[in-house]
Amino acid sequence: MARGSAGGNGSDDGLAKAIEIVVTPAIFAAAGFGLDRWWDTGPWLALSFGVTAFVVKLLVEWYRYAERMRIHEQEMASSRPSRRRGIDRDAGIDEPASLPTGVSLEADADSPA
């Protein structure tokens, strides 16, 4: 998934998400406020609708982010030339031909070279 795949630099998507995280709970709080006035229940519906909408919106964004990162990590792993690195690598490290000149695996660590 490329950054800014719609042709932008990616900041438009972030701004849209930020506005959505703020505006969605405000709309729900306004609806709760209307119900509070109609049923004369005080600010409880407005608060509960607003807080619930905010928490749900954050959870939705968190799971969207986690899914995008999972896909991104899969793409990065598939583009590697080899998945075997470090200790799993079988590049023939123990072979004398792969060692620099003058280095031997048979030499004792205490003896001078």
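In this chain, numbering begins with 1 at the start of the sequence shown. The figures that follow rest on heavy atoms only: side chains count, while hydrogens, waters and symmetry mates do not.
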Q: Closest approach of F49 and F28, non-hydrogen atoms and distance?
A: CB-O, 3.3 Å
Q: For the hydrophobic clusters of this structure (ILVMFWY residues joined by side-chain heavy atoms under 4.5 Å, transitively), does one cluster hold both L59 and Y65?
A: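 They do not share one cluster, since no chain of ILVMFWY contacts under 4.5 Å joins L59 to Y65.
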Q: So, taking the atom named CD1 in I71 and the one named CE in M76, what distance separates them when rounded to the nearest 0.5 Å?
A: 14.5 Å
Q: Would you please test I21 and L58 for side chain to side chain contact (heavy atoms under 4.5 Å, CB included) and show each step?
A: CA-CA 7 Å; I21 288 172; L58 286 180; 4.2 Å; yes
Q: Taking S48 for its side chain and L45 for its backbone only, find out whether a donor-acceptor pair lies under 3.5 Å.
A: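 Yes, S48 side chain to L45 backbone: donor-acceptor pair under 3.5 Å.
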Q: Are any non-hydrogen side-chain atoms of F54 and K57 less than 4.5 angstrom apart?
A: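 In short, these two side chains do not touch, never coming nearer than 4.5 Å.
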Q: Do you know the tightest heavy-atom contact between A46 and D36?
A: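 Nearest heavy atoms, A46 then D36: N-OD2, 2.9 Å.
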Q: Under 4.0 Å between a side-chain nitrogen and a carboxylate oxygen: does that hold for R70 and E67?
A: yes
Q: Considering non-hydrogen atoms only, spot the tightest contact between A53 and P25 and give its length.
A: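 That would be CB-CA, 3.7 Å.
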Q: Kindly say whether E75 contributes a backbone atom to a donor-acceptor pair with the side chain of S78 at under 3.5 angstrom?
A: yes
Q: Checking E73 now: which residues fulfil salt bridge (Lys or Arg N to Asp or Glu O under 4.0 Å) with it, not counting sequence neighbours?
A: none
Q: Any ion pair linking R64 and E61 (charged N to carboxylate O, less than 4.0 Å)?
A: yes
